[in-house]
Structure formats: structure tokens, C-alpha cells
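Throughout, residue positions are numbered sequentially from 1 according to the sequence presented.
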Amino acid sequence: MPVGGIRPHDGVENPAQLVVRNARIHTGDPARPAASAVAITDGVFTAVGDDATVAPHIGPATRVVDALGRRVIPGLNDSHLHVIRGGLNYLLELRWDGVRSLRTALRMLREQAERTPKGQWVRVVGGWTGEQFAEKRLPTVSELNAAAPDTPVFVLHLYQSAILNRAALEAVGFTRDTPNPPGGEIVRDFAGNPTGVLLAAPAAGLLYSTLAKGPILAPEDQLGSTRHYLRELNRFGITSAIDAAGGFQNFPDNYAAVTELAERGELTVRIAYHLFPQTAGQELDDLRRWIGMVSPGDGDEWLRCNGAGENLAWSPADFENFAEPRPELTARAGQDLEAAARLLLSNGWGFRLHATYDETIRQDLDVFEKIAADGGFPPDTRWLFDHAETVSRESLERIKALGGAVSVQNRMMFQGKAFIDRYGAERAATAPPIRAMRDTGLLVAAGTDATRVSSYNPWLSLSWLVTGRTIGDTLLYPAENRVDRATALDMYTSAGAHLTGEAEAKGTITEGKYGDLAVLSADYFSVADEDIDRIESLLTVAGGKIVYATGDYEQTAAPLPEISPAWSPVARFGGFQTASGVRQDRASGVRQAHAFAEAAADSDDQRTWRERRGDFDHVPRLGNALDPLDGCF
């Protein structure tokens with residue numbers, strides 16, 4: 001069929017599987033920064049230019065997509081995402097990501113509790129903060145009890161706390177005789193009984209170990225859960241992710257789902273994974289075992305090992321709970337890190353290292369410089385620090401001297417208020433010092449650290465990089481610590497490809513690279529700052545295959561299997577929430593009615609919050625009501 005004057009040719013040798021035309025393409029390639037059409041053949045870009053460029057690649061079976069003048073970008077690459085763990089649990093979790101009011105969040109929780117069978121939990125695990133709600137607060141234990149009197153409810157808030165209802169306390173067995181674990185606190189009432197609030201003081205181990213007591217999905221449902229989670233990432237234009245491993249993610253058991261999907265050819269996000277020793281005291285044994293099993297770079301373009309981390313040993317780890325003081329590391333931390341690093345480096349392994357504070361980074365660099373001084377740190381080693389909120393310029397220079405890189409995440413978008421409360425707005429203005437990192441000449445990649453703190457939605461992170469604002473709209477960063485939109489996008493595409501040694505294979509729309517792209521719902525380069533975080537992908541392509549499609553492109557992506565279990569929160573609410581909190585496949589009239597109802601509730605809740613804060617003290621009143629005739633109001 002001819003499309004916009006382009007006709008297929010019968011005699012095309014090795015025709016393209018997909019052509020996208022009539023687009024405003026930001027390639028990310030300095031040699032050809034813009035284009036209007038691309039052709040993808042055998043999973044890679046074979047033509048980038050205009051209609052005349054791609055026309056010779058169109059055969060009778062080529063799918064031609066008209067972008068209708070929309071913005072097209074390279075597929076996004078989250079450089080720090082707990083994608084494997086997130087996939088195993090996605091269908092078990094009620095997502096409050098994007099929910100605008102606590103009233104709506106509690107309604108969702110109440111509905112889900114009614115749908116959840118006996119023996120299962122309702123769990124809200126990251127991706128939200130009270131600052132995003134109109135009420136500007138967290139739910140209370142009593143509200144959870146009222147919403148779900150009989151179903152266990154576990155709500156995780158950042159790295160700071162968890163809130164459990166009465167049924168969840170019973171399910172996990174917490175009583176007045178349960179001792180506080182090291183680094184955690186079970187909040188108690190006057191009689192010594194647990195209230196339902198758990199605190200990271202400062203470590204989140206109590207929160208995560210409690211969450212781990214809940215039921216898990218059966219292996220076959222873990223496969224389905226991972227597929228649905230990857231499709232949710234595709235929804236926002238993500239085609240690659242670097243998995244940062246993490247606690248309670250054992251190798252190889254918890255990697256079985258992505259491995260099987262890779263074997264089936266069903267991955268829709270390219271995953272480069274890391275390995276994280278899980279048990280304190282046996283880190284070296286674990287690392288030796290893995291070194292004998294796999295090597296960095298093993299795998300293919302869909303699933304590959306990228307090294308160790310984000311912890312190499314437990315003692316050197318700091319904690320990113322800004323509501324608590326910075327933890328002090330012991331002398332043993334340096335010894336444990338040195339032993340692990342020497343073992344990895346001597347076997348050709350790179351690594352990534354979790355480090356929130358400059359004090360931690362300086363201690364780690366002391367170790368690496370010691371190893372480098374005796375020739376044990378090869379100059380071509382791929383390694384990086386993650387997070388680095390309070391890293392100093394001196395430390396940045398030391399990282400550069402050792403050939404390291406940095407990966408930043410938008411944790412401050414969710415935790416900025418807690419940081420300001422403890423350290424002040426002046427220190428928050430350079431936490432992390434994004435521009436200083438880049439000015440030093442370091443490779444700086446971007447991501448989310450989803451799902452237990454930030455949301456997996458990359459457009460929130462891109463908005464944070466550009467605007468410097470928290471999810472509650474507090475301005476964190478002055479202009480001198482923000483980046484322009486093209487730079488932010490580069491940090492979310494080509495920079496991540498460099499971190500996995502794949503810069504020649506992906507990250508830009510360039511002939512010969514993987515055919516990964518996203519057709520956006522709005523033009524990232526021209527929308528207002530406040531609308532960046534509302535962008536989604538209308539069509540996501542990975543390796544020339546359409547892996548997500550909506551709107552004008554509905555039903556061009558292969559359907560997913562039915563959600564199992566059927567009571568999954570995702571079956572009712574989906575993932576990242578739209579304004580209405582209702583899945584997009586509902587009738588438009590219902591969607592509009594819910595949207596207006598939620599907007600009215602948000603307005604009422606925000607008005608109440610502002611009244612309590614005193615914002616209306618100057619406004620004339622009639623009795624207890626604001627004067628509706630006052631022209632200034």
C-alpha cells in the first residue's frame with residue numbers, strides 16, 4: 001500500500017521490516033542530529049534520513065508507520081533500575097505512582113483489599129511520596145485499618161518507613177516481645193505493642209525483610225509478571241535498562257524469569273545485569289562462585305552480564321535515608337571492599353558501587369587508589385559510583401583519574417524535602433552536583449533507582465534533570481545545577497550504552513545500531529517544563545519490533561497473556577496512574593467522569609491543606625467560609 005507517496009518495491013533485496021516516516025527525529029547522533037524517516041532491517045537501523053532515503057528499503061511486507069509529525073527519540077535506557085526484582089513482583093503491587101491525592105490512593109487500596117483473596121496481601125512498594133498528594137501527608141495506620149480490616153496491607157514509603165495495618169502485623173508475627181533489629185525500629189504504643197509503623201534507623205533492612213515475609217508469585221506467574229512489567233516500561237519509551245541487582249535478589253534463582261524470557265525471545269527491554277552478594281560474611285565466596293560461572297559481557301544484545309554490584313560487600317554500604325543522620329563506616333568497611341575489589345579486578349570484572357555520601361566515596365577511593373598504586377586497577381576497567389548525592393569536586397576529580405563514571409537517579413525528586421529538613425536548602429542545591437560532574441569530564445548516566453523509592457517512569461527523572469524540582473514542586477536546583485533537554489536525553493540514552501560497553505551498538509538513531517526508538521505523545525523539546533513528566537510513548541520499537549502501541553497505533557503490538565492472578569492490582573488499576581486512576585482501556589465517558597471527580601477531590605484536599613497552613617488568613621470570610629464575592633479570591 002502506498003503511504004504518503006511512498007510505494008513498496010517488489011525487487012527490494014532484504015527489505016526493511018519497519019519504516020517510520022513523517023517524523024521529527026532527534027537521533028542523538030552529532031553526525032546527523034535530525035531526520036524525518038528511518039528504516040529498520042534485521043533489527044538494526046539501515047537508513048536514517050528522509051523519504052527518499054528509506055524508499056529503496058520498502059518492500060511489499062514492510063510495515064510503514066506514519067508518525068504524523070510527532071517527535072521520535074532513541075529508545076530510553078535507565079542506567080539504574082531494579083528491573084529484575086521489579087518484574088518478579090509487579091503483578092502483586094498496587095502502584096501509587098502518579099496518584100494525586102491520598103483520598104484516591106486509599107480508595108484504590110480499599111477496592112484492592114476487597115478483590116484480594118484470603119492469605120494474600122495488598123502491598124504498595126515505592127514510586128510515591130506524601131508530597132505528591134494534595135493532602136501533603138502519608139496515610140495513617142487507622143486509615144489502613146479502615147480501608148482493609150481483614151487483609152494484610154504493607155505500604156513502603158521511600159527508604160524511611162513502612163506502614164502496616166493490624167492484619168499485616170498479625171501476618172508477620174510482630175508482638176510486644178519482638179525485638180528491634182539492628183538499624184531498625186518497630187514503633188510501639190504506650191503499652192509496648194507495635195503500632196504498625198516501622199522505621200529505617202537508618203537501614204532499610206527491617207522494611208525489606210518484613211516485605212519479604214509476604215506471599216510470592218508462582219514461577220509461571222513470575223514470567224507473566226515480568227512480561228507485563230517490561231511492557232509497562234515500554235509504555236514510557238524504555239528499551240534498555242541496567243539492572244542494579246539489590247537485596248533479596250539471589251543469583252541465579254531470581255534471574256530465572258528473565259533468562260527464560262530471553263530464551264523464548266520474549267524480552268522487550270534489553271537488560272544488562274549485575275550480581276550482588278547477598279550474605280554478609282560470605283561475599284568473597286559468592287563472588288568467586290559467580291566468576292567461575294559467568295563473565296562480564298556474556299550474553300547477547302537482550303540479556304548480558306555487566307559486572308558486580310551495586311554492593312560488593314555489606315560493610316562499606318551507606319544508607320540513603322535522609323530522615324536519619326549519615327551512617328559512620330567502620331575500618332572494616334575498607335578492608336572488605338579492598339578484598340572484593342581486588343578479586344574482581346584480577347578476574348577482569350567491572351563493578352558499580354552504591355555510595356550516597358562523599359564520606360563514603362572518599363573512603364572507597366582510598367581503597368581503589370591503593371589498588372591502582374600497585375598496578376591492580378586496569379585502566380580499561382568499566383566501573384562507576386551510583387547516586388553520589390553529596391560527592392565533592394575533589395572526589396569527582398579522583399573518580400575521573402581512575403577512569404570511573406557516575407550514574408545519578410532522581411531520588412531527590414522524592415526525598416528532597418527530607419534532605420532539606422536535615423541539611424538545608426543550600427546543600428540540597430547541589431545534591432547531586434550534576435553539572436559539576438559533567439564539567440569534570442565524567443561520563444554521567446541517568447536513571448530512577450525504581451521501584452522501592454522513585455517511580456520507574458523515566459519522564460519524571462528527565463523532568464527532574466531539566467527543572468530541578470521535587471515531585472511536590474519544590475525547587476531544589478538553581479539553573480547552574482540543571483541541564484538542558486538534549487543533555488538530559490543523552491544521559492538517558494547514549495550514556496547508559498557507554499556504561500555497558502555498547503556505545504557502538506545502541507543509544508542513538510544511527511545506521512548499524514539496534515533499531516530502538518519511541519514515538520512520543522508530546523514533543524519533549526517544546527512542551528512546557530511542567531508537562532515533561534506527562535509524556536508517554538505512543539509507539540515503542542525495540543530491535544525493529546513494535547513492543548508497545550496505543551492511540552493511533554493501537555493493536556500493532558503483540559498482545560500480552562492475560563494477567564495472572566486475576567485479582568492482581570494491575571488487572572484493575574494498571575501501573576503508573578493516570579489522572580483518573582482508571583485504566584486507559586475503560587470507556588472514555590467513564591474515564592472523564594472519574595477524572596473530574598478526582599480533580600474535584602484533589603481541589604478540596606489541597607484547599608483544606610492550605611487553610612491549615614494559613615494561606616487564606618488574609619482572605620475575607622463570611623462566618624467560617626471564604627467570601628465568594630471577594631474579587632481578589
(Q) Quick check against the 3.5 Å criterion: does T493 have a side-chain atom that pairs as donor or acceptor with the backbone of L489? (A) yes
Q. Who are the salt bridge (Lys or Arg N to Asp or Glu O under 4.0 Å) partners of R485, not counting sequence neighbours?
A. D529
Q: Give a yes or no answer on whether the side chain of S240 reaches the backbone of N77 with a donor-acceptor pair at less than 3.5 Å.
A: no
**Q.** D449 (side chain) donor-acceptor with Q409 (main chain) under 3.5 angstrom
**A.** no
Q. Listed by chain and number, what are the side chain to side chain contact (heavy atoms under 4.5 Å, CB included) partners of A105, not counting sequence neighbours?
A. W96, V99, L102, F133
Q. Taking K400 for the side chain and T440 for the main chain, is one N or O donor matched with an acceptor at less than 3.5 Å?
A. yes
Q) Is a donor on one side and an acceptor on the other found under 3.5 Å between the side chain of N234 and the backbone of I238? A) yes
Q.
Any heavy-atom pair between the side chains of V570 and Y90 that's under 4.5 Å?
A. yes
Q: Please name all residues satisfying ring pair (Phe, Tyr, Trp, His ring centres under 6.0 Å) with F322, sequence neighbours left out, ordered by chain then number.
A: F419
Q.
Could you check whether atom CG of L560 has more than 12 heavy atoms from other residues, nucleotides or ligands sitting under 6.0 Å from it?
A. yes
Q.
Please check this pair: side chain of D318 against backbone of T360, looking for a donor-acceptor N/O pair closer than 3.5 Å.
A. no
For residues 430-439, dump all side-chain donor-acceptor pairs below 3.5 Å to protein atoms at least two apart in sequence or in another chain.
| unit_1 | atom_1 | unit_2 | atom_2 | d |
| --- | --- | --- | --- | --- |
| R435 | NH1 | A479 | O | 3.3 |
| R435 | NH1 | R482 | O | 2.6 |

**Q.** Result of checking E389, E359, E320 against R326 for salt bridge (charged side-chain N to carboxylate O under 4.0 Å, His left out)
**A.** E359
Q: Return yes if some donor-acceptor pair links the side-chain N/O of R123 with the main-chain N/O of F154 below 3.5 Å, else return no.
A: no
**Q.** Residues which pass ring pair (Phe, Tyr, Trp, His ring centres under 6.0 Å) with Y548, listed by chain and number, not counting sequence neighbours
**A.** none
Q) Taking only residues two or more places apart in sequence or in another chain, which ones pass side chain to side chain contact (heavy atoms under 4.5 Å, CB included) with S537? A) A518, T540
**Q.** Sequence-distant partners of R85, side chain to side chain contact (heavy atoms under 4.5 Å, CB included), two or more places apart
**A.** H82, N89, Q249, R452
Q. With a 4.5 Å heavy-atom cut-off, do L261 and L303 have their side chains touching?
A. no
Q. Under 3.5 Å, is there a donor-acceptor pair between the side chain of R103 and the main chain of E135?
A. no
(Q) Less than 4.5 Å apart, side chain to side chain, heavy atoms only: is that true for V124 and L156? (A) no
Q.
Suppose we screen for salt bridge (Lys or Arg N to Asp or Glu O under 4.0 Å). Which residues come up paired with R352, at least two apart in sequence or across chains?
A. D386
Q | Centroid separation Y229 to Y456 less than 6.0 Å | A | yes
Q) For T390 and D358, what are the C-alpha separation, side-chain angles and deciding distance, and is it a side-chain hydrogen bond (donor to acceptor under 3.5 Å, both in side chains)? A) CA-CA 5 Å; T390 71; D358 189 54; 6.0 Å; no
Q: List in chain and number order the residues that pass salt bridge (Lys or Arg N to Asp or Glu O under 4.0 Å) with D473, two or more places apart in sequence or in another chain; answer none if no residue qualifies.
A: R469
Q: Evaluate ring pair (Phe, Tyr, Trp, His ring centres under 6.0 Å) for Y255 paired with Y273, printing each intermediate quantity in order.
A: CA-CA 9 Å; Y255 293 68; Y273 62 87; 5.4 Å; yes
Q.
Less than 6.0 angstrom separating the ring centers of W459 and Y524, yes or no?
A. yes
Q. What residues form a ring pair (Phe, Tyr, Trp, His ring centres under 6.0 Å) with F248, not counting sequence neighbours?
A. none
Q) Mind checking what makes salt bridge (Lys or Arg N to Asp or Glu O under 4.0 Å) contact with D516, not counting sequence neighbours? A) R270
**Q.** Note, V187 side chain near L198 side chain (heavy atom, < 4.5 Å)
**A.** no
Q) Counting N and O atoms only, with roles assigned by atom type, does the side chain of D221 sit under 3.5 Å from a partner on the main chain of L217, one being a donor and the other an acceptor? A) no
Q | Test ring pair (Phe, Tyr, Trp, His ring centres under 6.0 Å) applied to F236 - qualifying residues, sequence neighbours left out | A | F576
(Q) Can you confirm whether N457 sits close enough to D97 that some side-chain heavy atom of one is under 4.5 Å from a side-chain heavy atom of the other? (A) no
Q: Could you tell me whether the side chain of S407 and the main chain of A446 form a donor-acceptor pair under 3.5 Å?
A: no
